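Here the structure is a predicted model, which is why all the values come from computation and not from measurement.
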Amino acid sequence: MSQAPSPAVRIGGLAKRFGEVKAVDGVDLEVPRGCIFGLLGPNGAGKTTTLKLLLGLLHPDAGTLEVLGKPVNRFTLPDLLQRVGYVAEGRDLYGYMRVGELIGFNARLYRNWDHKAVSRYLDLFRLPMDRKVEDLSQGMKSQLALVLALGHRPELLVLDEPTGGLDPLMRREFLSLVIEEVAGGRTAILSSHILHEVERVADLVAVMRRGRILAVRAVEAIRRDEKRVRFVPQHEISPDDLRLPGVTGVERQGKGFVLSVSSDLEALLQRLAAIPHFVLEVVDLNLEDVFFDYMGKEESTP
Amino acid sequence: MISLGLVWKEVRETRWKHVVGFLVLAALGVLLAGMYRYLRDLVGDLPLTGELARMLEAQLANYFLYLWANWYGKNLYQLTSILAIVVGMGLVAAEAGNGTLGFLLTRPVSRAAVFTTKYLTGAAGLALTVAGASVVTWLASGAFGHPIPAGRFLVGIIPAIAGTLVIYGVAVLCSTLSGDQVRAGAAAAVLAALLSVPSWFGRTRAFSVYRQMQALYYLSTGTLRLDAVAGLALAAAALALVAGFIFVRKEA
């Protein structure tokens, strides 16, 4: 992954309220260029609001937004949107148009519309040009939305729950195309509930809850560093004795403990091995486990 | 300020409203021209007396007076007001309602250009409908044996279009403020009805949009009131500007 001079997205102190509800509450975030960035969070976490703010569909109450090195405002948006592709959560396409008409309509709005690439995507997804959009299945609509988002060769692709309604095969084809495009030097932000899908494709993930970013981690680092250690000592010890460097959580289970570990595993294992014990084992975590860990921690935060 | 790429979409979305509006108006214009002789004979045969008889005889004694009173003075402004509401109410609210506004606003077109294109496409459609139907009415007059100098009759198109754009502006404003085109249409209809209130009183009659659309001053004096046309155009422009200002700041 090569680091470009300015990140694809830079967000500082972003806030947005809807009445009494803080939809986005002081978000700071940087999305490096050339990666797939997963945005995770439960419903109402503020993911869609953040993405809409990024695209100028909503206006922030506070904070700064930069996309591809330019501030987001109504003067810069038309040019920025020439360089950004967006697949919205609801796939709100013009249902009365035929697929070919909708593509033609989009092509007229972009300076760099790539007819060849669009033909290739249409073949890949087997989308019928003469079918009305409203007659397409939900999955085909999602595929068409991706084709429309990619047709102008965007530098940044913003995908808000793009695979909802897709069967596993369609989802795989869809994400393979996203991976292929990012490998070609683009950046993608992928908001999704489907954690294993994000884990498969994303380089970095941010976890959102209640309008705030709880953590930003590299998926590779999660795979490498995030572990659980099951430890059953021979003698009674206090959980506080186990709050060692790298340990992010200690949970008692019967006579033993489960430690959540996010770094310094080797050092921790050496220290634990020095304590007389019956069981000392390491369990690998996936993104879903880590996500629920974050959700659990946040839940217990007053 | 206009996106040519968007014009195609806007025309495609509103074309049937304009086509149906034009066909209804054109049919009415042809009917008015064709019915004249029949009505004149009918009124002559009826045993009418008093004020009603005098009014009907006065109107039917002169074809130009009859046609103006029934075209610009009645049917055209009433029907185009309804058409203006139908076209204007969906301009923004329909996109907001069916969820396509977000798609549209993430295309690389400034919001000002989106609004201007939408507004002007609708306005041009209305203007063409009014002008086209009036031309058909004028042609039908000649075809039924009542030729009128084109300029003398078709000058009424100018205040009719200006007034139609005021009603359209009201509907567009309601459409921009509401996310539901039915509500926008209902609000626009109420406001359009309120605009008729000034015509009920002698002192305020000159400020009535509908009164000025009929250009009755031209009918009685042969002079078109350009100040009235300018007033209507200014009101239409002001409404469009306010709606555009709101649209540019709208969240989707």
Asks: When you measure from the side chain of B/Glu251 to the backbone of A/His59, do you find a donor-acceptor pair of N or O atoms at a distance under 3.5 Å?
Replies: yes

Asks: Looking at B/Arg225, I want to see if its CZ is surrounded by more than 12 non-hydrogen atoms of other residues, nucleotides or ligands under 6.0 Å.
Replies: yes

Asks: From B/Leu104 CG over to A/Phe105 CZ, what is the distance, rounded to the nearest 0.5 angstrom?
Replies: 6.0 Å

Asks: Quick one: what part of B/Leu4 sits under 4.5 Å from any heavy atom of chain A, side chain, backbone, both or neither?
Replies: neither

Asks: Counting only heavy atoms closer than 4.5 Å, note whether A/Tyr96 contacts chain B via side chain, backbone, both or neither.
Replies: both

Asks: Using the side chain to side chain contact (heavy atoms under 4.5 Å, CB included) rule, take A/Leu81 and B/Arg107 through it: C-alpha gap first, then chi angles, then the decisive distance, then the call.
Replies: CA-CA 6 Å; A/Leu81 291 171; B/Arg107 303 306 98 185; over 6 Å; no

Asks: Between B/Arg12 and A/Glu101, what is the shortest heavy-atom contact and its length?
Replies: NH2-OE1, 3.0 Å

Asks: As a quick check of understanding, evaluate side chain to side chain donor-acceptor pair (under 3.5 Å) for B/Glu13 and A/Tyr94, giving each step before the final call.
Replies: CA-CA 10 Å; B/Glu13 284 178 357; A/Tyr94 291 100; 4.9 Å; no

Asks: Measuring heavy-atom distances to chain A, does B/Ser3 have an atom under 4.5 Å in its side chain, in its backbone, in both, or in neither?
Replies: side chain

Asks: Side chain, backbone, both or neither: which part of A/Leu102 has a non-hydrogen atom closer than 4.5 Å to chain B?
Replies: side chain

Asks: Taking the side chain as C-beta and beyond, is there a heavy-atom pair between B/Val109 and A/Leu109 under 4.5 Å?
Replies: yes

Asks: Please report the closest heavy-atom contact between A/Tyr110 and B/Thr106, naming both atoms and the distance.
Replies: OH-O, 3.8 Å

Asks: Heavy-atom distances under 4.5 Å only: say whether A/Asn106 touches chain B with side chain, backbone, both or neither.
Replies: side chain

Asks: Are more than 12 heavy atoms, taken from residues, nucleotides or ligands other than B/Lys250, located less than 6.0 Å from that residue's NZ atom?
Replies: yes

Asks: Please find the pair of heavy atoms, one from A/Leu93 and one from B/Thr100, that lie closest to each other, and give the distance.
Replies: O-CG2, 3.7 Å

Asks: How far apart are the closest heavy atoms of A/Pro78 and B/Pro108, and which atoms are they?
Replies: O-CB, 3.3 Å

Asks: If you count heavy atoms of other groups shown closer than 6.0 angstrom to NZ of A/Lys22, is the number above 12?
Replies: no

